[in-house]
Each structure stands twice: as structure tokens, then as C-alpha cells.
Amino acid sequence: MSDLRGIAVESLKKTQAEQELKRLAQEISAHDGLYHGDDAPEISDQAYDALRRRNGDIEARFPDLIRDDSPSKNVGAAPSTAFTKVRHAQAMLSLDNAFGDDEVSEFIARVRRFLGLAEDEAVALVAEPKIDGLSASLRYEAGKFVQGATRGDGTTGEDITANLATLFGLPKTISGAPDVLEVRGEVYMDRPAFEALNIAQEAAGKPAYINRRNAAAGSLRQLDASITGTRNLGFFAYSWGEVSDRTWDTQWDFLKQISKWKFPTNPLTKRCESLDEVLKYYADIGAKRGDLEYDIDGIVYKVDRLDWQERLGHVSHHPRWALAHKFPAEQAETKILKIEVQVGRTGAITPVARLEPVFVGGVMVSNATLHNEDNIREKDIREGDTVIIQRAGDVIPQVVEAVTEKRKGRPPKFKYPQVCPECGSAAVREEGEAVRRCTGGLICPAQRKERLRHFVSRDAFDIPGLGEKQIFQFWEEGLIKEPADIFDLERCNSLPADQGGIDPPLQDRGAEPGKRAKSVANLFAGIAARRDISLERFLYALGIRHVGQTTGRLLAQNYGSLAGFREAMTAATDPDGEAWAHLEAIDGIGPIVAQALVDFFAEGHNEKVVDDLDAALTVQDFVQPDTDSPIAGKTVVFTGSLETMTRDEAKARAQSLGAKVAGSVSKKTDLVILGPGSGSKGKKATELGIETLDEQGWLDLIGG
DNA sequence: GAGCCTCGAGTTCC
DNA sequence: CTCGAGGCTC
């Protein structure tokens with residue numbers, strides 16, 4: 001059996017994954033034995049966690065390969081600082097936010113437009129308080145609670161079955177439920193529970209929790225689930241995931257049904273028929289907010305009818321049929337101690353206010369972004385000013401305004417730096433742009449540092465043990481100057497000092513050499529594992545201007561291999577040439593992005609960086625993900641009118657099945673759906689010999 | 001050419 | 001999470 005340990009989970013083939021899961025099951029179980037017996041464990045907790053995590057990650061990718069003796073099935077059997085990953089059968093989406101009444105009115109109008117409803121047709125909405133807690137998903141099979149998971153990133157969460165099982169008021173079994181039922185809702189801690197907890201914490205000489213949401217999060221993620229049980233967490237159900245047999249047709253009926261199944265639902269929930277009713281509800285609940293025993297941060301509206309919800313579908317991260325109407329953010333007054341500027345990887349110079357720490361929105365805030373030059377000037381913010389701050393969307397602190405009445409004396413206006421504070425190069429603002437940028441490029445140490453940080457970041461190379469702190473440290477020491485240096489680190493470290501080796505070698509540093517050696521070994525293992533990398537991650541990691549995750553993927557998809565891509569980029573120097581035309585023909589790439597790509601590869605230094613990486617790594621060709629949909633990966637074009645759905649709906653539907661929807665017919669088009677009244681597009685399709693379907697044929701193809 | 005939507009880049013705190 | 005900007009659609 002070949003050694004699969006070094007291979008990144010995402011590039012494992014199915015047969016390899018099967019082998020690897022078998023090995024992990026044996027290995028983990030062997031370590032469990034050692035741990036629970038009298039023998040000392042053979043490996044560190046971190047290394048053990050890494051094994052379990054890898055097991056969980058592979059299982060999340062290949063759920064059908066989960067073994068009967070899988071280590072993930074005996075959660076809690078061993079000490080673990082990591083929870084196993086769980087892949088949600090249906091993604092847990094987040095909600096679009098609104099802050100003003102007009103945005104709510106716009107939301108309802110948009111729903112109407114999308115569905116093609118008449119002006120006078122009512123859109124019933126279910127409105128309920130938005131609990132400020134943690135989303136969780138509870139899975140029942142044959143009426144029995146089998147698994148609980150956190151929301152995580154929406155696609156993959158963490159297995160907290162044991163913890164959720166301790167929640168009082170959640171049914172363990174339900175009678176008359178479908179075979180599979182996933183109930184979703186919010187876990188929260190109410191005021192009495194929070195106060196009791198902090199009294200207990202204090203008595204035990206432990207620090208008090210600062211806010212209820214953190215307390216709830218901490219309580220839910222206890223490794224010892226019995227502790228969770230003592231925390232008196234609450235739960236309100238509001239939605240569902242996978243359901244084998246759905247017996248409700250509206251959100252309202254769903255809530256009634258799960259109440260019968262003994263799930264707690266929020267008693268303030270109300271079905272509203274009009275905008276006025278919705279806004280009144282918002283105002284009423286807002287007035288009551290302080291009297292409630294639990295924290296809420298807004299009101300959620302959902303289109304009641306499920307057939308409408310289905311037609312509305314969703315845009316990348318949130319459904320079109322729901323909206324979170326937020327309450328105004330909590331504000332606080334504090335003082336600006338100093339205004340500093342930071343230099344990002346693209347050279348963007350961003351101002352940050354260092355604040356006298358202040359408690360707002362549940363946390364201590366001591367920094368706040370000032371966005372850009374114009375923002376500082378318009379709000380006339382100066383060092384030493386008293387300012388109002390708030391947490392935007394209850395997360396990112398921002399300075400709302402300066403309280404000029406409290407200004408002492410006449411502090412000077414803030415002078416925005418005209419040169420880069422890190423390298424002294426000119427800092428310029430392009431015509432019409434909001435940001436000022438350092439023009440130093442590669443000579444600017446800040447930019448190079450930030451490029452490295454981006455390279456190892458989570459969505460790029462994501463090397464365990466090589467986070468921001470580590471990479472900056474290696475940079476300061478001059479050990480890593482370029483991305484490729486990362487992959488030469490182990491070799492340099494093993495070289496004697498007089499032959500250019502690292503002195504002293506990494507494992508000989510620090511107070512605890514033994515511990516250090518382990519983490520150094522882990523670091524090298526992590527680096528080795530990333531010598532295999534997908535093309536899309538690789539392109540994203542390069543940090544080309546305007547190329548983020550999506551565009552990286554788009555390019556990978558269109559060019560297939562690194563060699564093919566590079567060749568195309570070097571050939572595309574002429575904006576009138578064929579290679580350039582091909583680049584700009586990609587849906588989502590316009591002249592600016594194309595220029596940024598060509599510029600990047602025209603730069604000698606970048607060429608060398610990519611050459612060196614190419615030599616040290618295996619960049620995997622792009623593989624089309626397996627989907628069973630017949631149109632996955634195809635480019636389709638709609639033309640003419642459609643009868644059973646609007647154009648927007650058809651497009652959303654096609655995209656959710658993995659297709660790309662283009663606006664016009666070209667030789668890259670795979671399929672054209674012809675509605676009545678189609679004109680030139682239909683003709684062009686026939687000329688190019690592209691497959692065409694009528695609306696019914698299309699519906700048959702996609703199965704609905 | 002205007003108005004939408006999506007993407008990229010930067011940021012905070014735990 | 002937000003803002004600005006790029007790209008696409010009408």
C-alpha cells in the first residue's frame with residue numbers, strides 16, 4: 001500500500017480515500033488503546049488531533065465511505081481538542097441584511113418582481129425575532145436524535161451531538177416524524193442562565209463571560225458534554241434541512257408541525273400580510289427588546305409559501321426569500337488615541353484608529369477601521385477626538401462620527417501620508433479611486449510580507465503550523481523571502497551552518513527542545529502535504545490583482561493546466577490578439593482583470609516566482625467536480641420568453657445544477673433553450689450546430 | 001450609460 | 001462584514 005499520508009484531502013481519489021480511512025481507523029484506535037491503558041500515549045495531542053481531523057475531513061468529502069468502525073463514531077472516546085467535521089446534507093445559508101424600512105419595502109418589491117406577481121397580490125411573510133446565538137442543525141432518523149452539528153461555514157460544521165443531547169427541552173425521540181428530519185434553529189443562553197453561570201465562574205475563581213453569545217458558544221463546545229448540560233442553554237427551532245417526507249407547504253405550517261413534535265419555537269412569531277404590518281411588528285418587538293430574557297439583534301422575514309421560496313431560490317450565500325431586518329447597532333463613545341496606517345498586499349494604505357478601549361456590542365473594542373482618506377476628511381476625524389463608534393453588522397468596529405463639541409483646543413487635521421510609511425515610495429491615488437496605494441511594489445517590505453501571508457492563508461496554501469505569526473517570523477529572519485522558499489525550508493534546516501544552513505536549526509530553539517522538535521516535524525509534514533495543490537488554489541495564492549477565489553477557479557476551469565494557463569498569459573500581450581480575446585471571452589473577465597493577469601506574468605520577478613514554485617510543486621490540472629446533473633459544467637443560453645418561470649429563475653436553477661449561463665450564443669455554448677419569439681440567437685445556434693431545446697424539453701432534462 | 005450583481009480586498013475580536 | 005470596483009444586462 002502506498003503512503004497516502006502526505007496527499008491533500010482534496011486531491012485524494014476515491015479508492016485512495018478508502019484505503020486512507022482504513023489506515024486512520026486502525027491508527028487512531030491503536031492510540032486510543034494506548035491512551036486509555038496505563039501506557040503513555042505515543043504521540044502528542046496535536047498529532048492525534050491531526051489524525052482525527054484528517055479522518056473527519058476525508059469523511060466529509062466521501063460520506064459514503066464512512067466505515068462502521070470509524071473513529072468519528074465514538075466521539076468523546078478520546079481526548080480531543082477538535083470536533084469532527086460534519087457535512088450538511090443541505091447548506092445552512094446566511095441571510096441578507098437590511099437596516100432601514102425602505103430596504104424591507106424593496107425586499108418585498110423584489111420578491112414580487114421575481115415571481116411576476118400582480119401589484120395587489122399579497123405576499124405573506126412569517127416574521128420572528130432573530131436570536132443572537134449559534135445556529136445548529138439536529139438530525140433525526142426514524143424519529144431518533146442521531147446527530148447535531150454547528151453551522152460552521154454553512155457547508156461543513158462540527159459534530160456536537162453529545163453536547164446538544166444535553167439540552168433540556170429538545171426531544172430525543174419524536175413520534176410520527178419522517179424517516180429523515182433535520183431541524184434547524186438557534187441555541188442561546190438566556191439572562192438567568194448567564195447570571196447563574198457567571199456567579200459559578202466567579203466562585204470557582206474563573207473569569208466571567210462578557211456576553212451571552214460567547215457564553216453560549218463556549219458552553220456548547222465543551223469537550224465534556226456533561227458540562228454543557230449544566231449551562232441551561234435554550235433552543236428555538238425555525239427551519240429545516242433534509243427531510244424525507246415534507247408534509248407542510250408553508251413556513252407557518254412548519255412551525256405548527258414542529259411544535260407538535262415538541263420543539264420549542266419562538267412564541268413571538270407572527271404571520272404578516274402587508275408591509276405596514278411587518279414594520280409595525282418590527283417596531284413592537286424592538287420596543288420590547290430590553291425586556292426579553294434572550295438577546296435578539298433583529299427580525300427575520302420569510303416568504304411563507306414554500307412553492308414561492310423554491311422559485312425564488314438563492315444567490316450565492318443567501319436565499320432570496322428571506323431577510324434579516326437588523327436593529328440599529330449599539331453605539332459607544334470613546335477617544336482616538338492615534339491614527340495609524342497599514343499597508344496591504346496590493347499596496348493599499350488603510351487608516352486605522354487606535355482607541356481608548358470601550359465596551360460595545362458585547363466586546364471590548366480598541367481598534368476601528370477608518371476606511372480611507374475621504375472618510376477621514378468628510379467626517380473630519382482627528383487624533384485625540386472623542387468619537388462615536390459602532391460595530392457594523394455587529395462585527396467590524398467603525399467610527400461613525402467625531403463629537404466635535406468635545407474637541408479640546410485645535411488639534412491639526414489628519415495628514416494622510418503621501419509616501420508609503422514602510423518603504424518611502426510615493427503613495428498615489430489613481431483617478432476615480434478611493435484608495436491610495438504604495439507604488440513600491442516588490443521593493444516594499446510590507447507588500448512582500450503581506451503577499452506571503454496571503455500565500456499561506458486559509459483559502460490558498462493553508463499550511464498547518466505556518467500561519468501569520470510564523471510566516472512573519474521567518475520573513476524577519478530572512479529565511480523565507482519568496483513563496484518557493486517555504487518548500488526549501490526543510491532542506492536548509494538540515495544543512496550545517498557553514499553550508500548556508502539555518503543557524504541554529506529550528507528544532508534547537510526555545511525552552512523546550514522536545515516540544516519544539518515535534519512542532520517543527522509537524523510543520524515540515526504540513527508543507528510536504530501541500531506540494532500537491534489544485535490549480536485553482538495555486539492561482540489564487542499568487543495574489544494577482546483582481547484574482548480572488550472565484551476568478552482563480554474560473555481561470556483554472558478555462559485553461560485546465562498551469563502550463564496551458566501560463567502559455568496563454570504570455571501570448572496575450574497584444575490586446576488585439578487571439579489569446580487576449582480568449583481571455584476576455586470568459587464570462588466574468590473584462591479588460592481590467594485581463595490586463596492585471598498579463599501584467600503579472602510580464603513582470604520578470606513574478607515569472608521567476610512561478611517558475612520556482614512550479615519546480616518545487618505538483619500543480620494539479622483542473623478536474624471538473626462530479627455532479628450527476630446532466631448540465632453540470634455546460635454553458636447554456638436562454639432566449640425568447642419562458643412560460644413556467646421567469647428568466648431569472650431559469651438562470652438560477654441552471655446555475656444551481658452546475659451550469660454556466662451566458663447571455664449570447666457563441667461557439668463555447670453547449671445548449672440553447674428556445675422560448676417562443678426567439679430571434680437571432682436561435683438562428684445562430686442552428687448555424688453553429690448547437691443543441692437546442694424548447695422549454696418543456698429543458699424541464700424534462702433537469703427533472704422538474 | 002445607468003443600474004444591478006458579484007467579486008476582491010481589507011478589517012476586528014475571540 | 002462592508003465598501004468599492006469590475007463586469008454584465010438592459
Side-chain angles (χ1 to χ4, degrees), chain A residues 94-97 99 106 110 113-114 134 207 209-211 213-218 221 297 314-318 320 324 326 329 340-355 357-375 389-400 429-437 446-447 450-451 453-454 457 459-460 468 539-540 543-555 583-597 637-639 647-648 651-652 655 660-664:
Chain A
S94 53
L95 300 181
D96 200 1
N97 290 320
F99 290 91
E106 172 53 26
R110 209 165 47 223
R113 248 191 340 257
F114 196 99
L134 301 113
Y209 283 96
I210 5 182
N211 69 46
R213 198 233 287 250
N214 285 356
R221 302 203 35 179
D297 57 3
H314 49 83
V315 280
S316 59
H317 282 104
H318 30 253
R320 287 200 192 84
K326 297 298 215 47
E340 288 179 4
V341 293
Q342 299 175 345
V343 183
R345 95 180 137 86
T346 61
I349 294 182
T350 323
V352 180
R354 306 290 171 205
L355 306 167
V358 61
F359 195 72
V360 54
V363 291
M364 253 329 176
V365 168
S366 44
N367 301 300
T369 174
L370 288 168
H371 279 124
N372 57 44
E373 207 169 340
D374 291 346
N375 181 51
I389 65 158
Q390 69 180 19
R391 299 214 300 150
D394 275 340
V395 178
I396 313 273
Q398 57 182 208
V399 175
V400 183
R429 246 178 102 167
E430 294 290 329
E431 179 78 24
E433 292 220 328
V435 290
R436 187 172 286 278
R437 289 196 152 82
Q447 286 190 49
E450 292 295 319
R451 272 172 81 157
R453 177 168 78 138
H454 173 79
S457 66
D459 297 323
E468 180 179 323
L539 294 181
Y540 171 69
I544 303 165
R545 218 49 212 281
H546 301 118
V547 178
Q549 259 181 297
T550 310
T551 308
R553 189 184 156 80
L554 204 57
L555 293 167
L583 184 57
E584 257 203 75
I586 299 172
D587 193 3
I589 307 240
I592 308 264
V593 179
Q595 189 65 58
L597 283 161
V637 173
F638 293 94
T639 176
R647 187 72 78 80
D648 279 348
K651 182 173 175 183
Q655 281 169 340
K660 268 193 303 192
V661 179
S664 58

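Letters A, B, ... are given to chains in the order of the sequence lines, protein chains preceding strands, and every chain is numbered from 1. Source: prediction; values computed, not measured.
- In terms of heavy-atom proximity, A:Leu597 sits nearest to A:Val547 at CD2-CG2, 3.8 Å.
- Residue A:Val352 has its side chain nearest to B:dT12 when only B:dG10, B:dG8, B:dT12 are considered.
- The NZ-P distance, from A:Lys326 to C:dT2, rounds to 7 Å in whole Å.
- Rounding to the nearest 0.5 angstrom, the gap separating the OG1 atom in A:Thr346 from the CZ atom in A:Arg545 is 5.5 Å.
- Atom-to-atom, CZ of A:Phe359 to P of B:dT12 comes out at 19 Å; the value is rounded to the nearest Å.
- Separating the CG atom in A:Asp459 from the NE2 atom in A:His454 is a distance of 9.0 Å, to the nearest 0.5 Å.
- Side-chain proximity of A:Val593 to C:dG6, B:dT11, B:dG10: nearest is C:dG6.
- The backbone N or O of A:Gly543 lies less than 3.5 Å from a partner atom in the side chain of A:Arg345, making a donor-acceptor pair.
- Residue A:His371 contributes atom NE2, which lies 16 Å from atom P of B:dA9 at whole-angstrom precision.
- With the nearest nucleotide of DNA chain B identified for both A:Val363 and A:Gly347, A:Gly347 has the one nearer the 5' end.
- A search for side chain to side chain contact (heavy atoms under 4.5 Å, CB included) contacts involving A:Ala446 returns A:Val343, A:Glu422, A:Cys444, not counting sequence neighbours.
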Using atom names, set out every protein N or O paired with an N or O of nucleotides 2-4 of chain B below 3.5 Å, distance rounded to 0.1 Å.
none

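- Taking the side chain of A:Arg345 as heavy atoms from C-beta on, and the options B:dT12, B:dA9, B:dC7, the nearest nucleotide is B:dA9.
- The interatomic distance linking A:Asn375 (CG) with C:dG4 (C1') rounds to 13 Å, in whole Å.
- B:dT11 atom P lies 10 Å from atom CZ of A:Arg354, rounded to whole Å.
- Between A:Glu433 atom CD and B:dG8 atom C1' there is a gap of 13 Å when expressed in whole angstrom units.
- Atoms NE2 (A:His454) and C1' (B:dA9) sit 10 Å apart, rounded to a whole Å.
- DNA chain B is contacted by both A:Gly548 and A:Glu450; A:Gly548 maps to the nucleotide lying nearer its 5′ end (nearest heavy atom per residue).
- Using a cutoff of 4.0 Å between basic side-chain nitrogens and carboxylate oxygens, A:Arg213 and A:Asp297 are not scored as salt-bridged.
- Computed from coordinates, the A:Arg320 CZ to B:dT6 P distance equals 7 Å when rounded to whole Å.
- With hydrogens and angles disregarded, no donor-acceptor distance shorter than 3.5 Å links the side chain of A:Arg453 to the backbone of A:Ser457.
- Contacts of A:Val365 with the nucleic acid, taken as non-hydrogen atoms under 4.0 Å apart, involve only primed sugar atoms and P, OP1 or OP2.
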